[in-house]
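Note that this is a predicted model, so its numbers are computed, not measured. Computed from heavy atoms alone, side chains included, the values below leave out hydrogens, waters and symmetry copies.
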Amino acid sequence: MKLPDVISSTQSKRIKSAVKLLKRHGRKSSGQFLVEGPQAVREALDRHVSQDLNGHNPGVPEWMGSTIDPKGAVVDLFITEEAAEIHPEFVETVKSAQIDWNIVTPEVLAELATTVNSQGVVAVCEHLDVALDSVIDKEAQLIVVLSQVRDPGNAGTIIRLADAAGADAVVLTSSSVDIYNDKTVRSTAGSLSHIPVVTGVGLSEVTELARARGLQVLAADANDDAHDLHHPWDSGLDLTARTTWVFGNEAWGMGEKDLELCDASAAVPIYGKAESLNLATAAGVCIYESARNQRM
């Protein structure tokens, strides 16, 4: 396999530009972010190729936006010689798709990687968040909303859960974690390339649109009026209905004003002695209960 010249200096213009994406300001100003590791890079490349994100495919889904400015396109790939030998398909893909790429030394890749034991490959991708009204429509069955969720691990895990459960989209309200944070991206395990994500909107805007499009809005909250998620029929909660689930902050949950924006609350029952469930775990139970009931 013929390889290009190796970038061995961290002072390379392309490396310095990519390093800026490790900071939120750099990601925001450029509209790009880093994807690290074979699994996440593979998913990003697969998405790029399957949708022909060079802009030639008129069949690109509406939520991805204009084919002239494709969402999530891979614009650069940095890979060590060892990783290129292990994953020759990456090199073949970027060549075929005419994506810029370079072999870099392990020392240079370490400047871009955020894990201790990097696996030798990092991609630069365009942001992929989309407009709210492009995903909450009359066809949407299951929407997941994260309201002021601050932990990147929780946010990434819930995006992955929503993808696995077949949800239509994930929405992160204002003051939630940056989805392009390296920990968030890593926690999605590639699902960021699969499911539409909306960011920076107000909860009232989300709930109003969801209700207008015919979705019920459920808050995951263990208040006194909450339905028992395992016995919803006892209190008239219909989990077969098209649903928007809202999950609140890890520390304080959902405030009274936010709960008022929802149609009802539902809580995961605790049968043992644990005081509560972690946010991502509770979200997984709720999301899958809706997914299961909608498919029955």
Side-chain angles (χ1 to χ4, degrees), residues 39-40 43 129 135-136 140-173 176-179 181 183-199 203 206-207 210 215-223 226-235 237-254 258-259 262-296:
Q39 179 62 26
E43 300 297 338
D129 49 296
V135 293
I136 299 185
Q141 293 293 318
L142 182 58
I143 302 292
V144 176
V145 181
L146 305 184
S147 180
Q148 300 188 64
V149 170
R150 307 287 173 78
D151 183 83
N154 278 332
T157 299
I158 294 172
I159 290 172
R160 184 180 181 182
L161 279 164
D163 176 26
D168 295 284
V170 177
V171 180
L172 289 89
T173 67
S176 290
V177 67
D178 175 14
I179 62 166
N181 173 296
K183 292 181 180 178
T184 309
V185 174
R186 192 161 56 248
S187 296
T188 70
S191 287
L192 201 56
S193 295
H194 302 160
I195 186 169
V197 178
V198 179
T199 63
L203 181 59
V206 180
T207 58
L215 288 90
Q216 67 175 345
V217 181
L218 299 181
D221 190 88
N223 58 67
H227 296 270
D228 183 332
L229 193 66
H230 280 182
H231 298 280
W233 51 86
D234 291 348
S235 52
L237 180 63
D238 183 7
L239 291 179
T240 68
R242 298 166 61 226
T243 300
T244 294
W245 274 104
V246 181
F247 302 97
N249 179 271
E250 297 88 347
W252 60 79
M254 294 183 63
D258 288 346
L259 288 173
C262 302
D263 298 321
S265 301
V268 178
I270 301 292
Y271 298 119
K273 296 182 179 180
E275 180 183 358
S276 62
L277 295 175
N278 126 307
L279 175 63
T281 302
V285 175
C286 295
I287 293 167
Y288 263 92
E289 277 298 304
S290 282
R292 181 179 68 86
N293 279 274
Q294 289 177 355
R295 286 164 171 75
M296 288 177 65

Practice item. Would you check if the side chain of Gln294 reaches a backbone N or O of Gln141 as a donor-acceptor pair within less than 3.5 Å? Key: yes

Point to revise | Minimum heavy-atom distance between Ala291 and Ala165, given as atom pair plus value | key: CB-O, 3.6 Å

Point to revise | Validation row: Asp234, Asp228 side chains within 4.5 angstrom (heavy atoms) | key: no

Review point. Where do Val149 and Gly248 come nearest, in terms of heavy atoms and distance?
Key: CG2-O, 3.6 Å

Exercise for review: Give me the ring orientation class for Phe247 and Trp245: parallel if the planes are under 30° apart, tilted from 30 to 60°, perpendicular past 60°.
Suggested key: parallel

Review point. Does CZ belonging to Arg160 count more than 12 external heavy atoms closer than 6.0 Å?
Key: no

Check your understanding: Is the side chain of Thr243 donor-acceptor paired with the backbone N or O of Ser290 at a distance under 3.5 Å, no angle test?
Key -> no

Just list the side-chain donor-acceptor pairs under 3.5 Å for residues 272-284, sequence neighbours left out, or say none.
| from | atom 1 | to | atom 2 | distance (Å) |
| --- | --- | --- | --- | --- |
| Asn278 | OD1 | Ala280 | N | 3.1 |
| Asn278 | OD1 | Thr281 | N | 2.9 |
| Asn278 | OD1 | Thr281 | OG1 | 3.0 |

Enumerate donor-acceptor pairs with a distance under 3.5 Å from any side-chain N or O in residues 150-159 to protein atoms, sequence neighbours excluded.
| from | atom 1 | to | atom 2 | distance (Å) |
| --- | --- | --- | --- | --- |
| Arg150 | NE | Ser175 | O | 2.6 |
| Arg150 | NH2 | Gln148 | OE1 | 3.2 |
| Asp151 | OD2 | Gly153 | N | 3.0 |
| Asp151 | OD2 | Asn154 | N | 2.8 |
| Asn154 | ND2 | Glu250 | OE2 | 3.4 |
| Thr157 | OG1 | Gly153 | O | 2.8 |

Point to revise | Leu239 to Pro232 - nearest heavy-atom pair and separation | key: CD1-CG, 3.9 Å

Exercise for review: Using a 4.5 Å cut-off on heavy atoms from C-beta on, say whether the side chain of Gln216 contacts that of Leu237.
Suggested key: yes

Exercise for review: Say whether, by atom type as modelled, one donor and one acceptor occur between the side chain of Asp168 and the main chain of Leu142 under 3.5 angstrom.
Suggested key: yes

Exercise for review: State which residues pass salt bridge (charged side-chain N to carboxylate O under 4.0 Å, His left out) with Asp263; sequence neighbours excluded, sorted by chain then number.
Suggested key: Arg211

Check your understanding: Under the side chain to side chain contact (heavy atoms under 4.5 Å, CB included) criterion, do Leu172 and Ile179 qualify, and how do the steps go?
Key -> CA-CA 8 Å; Leu172 289 89; Ile179 62 166; 3.5 Å; yes

Study note, to complete from the structure: So CG of Leu192 and CZ of Arg186: to nearest 0.5 Å the spacing works out to 13.5 Å

Practice item. Check step by step if side chain to side chain contact (heavy atoms under 4.5 Å, CB included) holds for Val246 and Asp258. Key: CA-CA 9 Å; Val246 181; Asp258 288 346; over 6 Å; no

Point to revise | Minimum heavy-atom distance between Arg292 and Glu289, given as atom pair plus value | key: NH2-OE1, 3.1 Å

Check your understanding: Are the side chains of Leu259 and Ser265 in touch, meaning some heavy atoms are under 4.5 Å apart?
Key -> yes

Review point. Which pair of heavy atoms, one from Leu229 and one from Ala266, lies closest together, and at what distance?
Key: CD1-CB, 4.2 Å

Exercise for review: Flag the pair Val145 / Thr207 as yes when at least one side-chain heavy-atom distance between them is below 4.5 Å, and no otherwise.
Suggested key: no

Exercise for review: Indicate the atoms forming the closest heavy-atom contact of Val177 with Thr184, along with that distance.
Suggested key: CG2-OG1, 3.9 Å

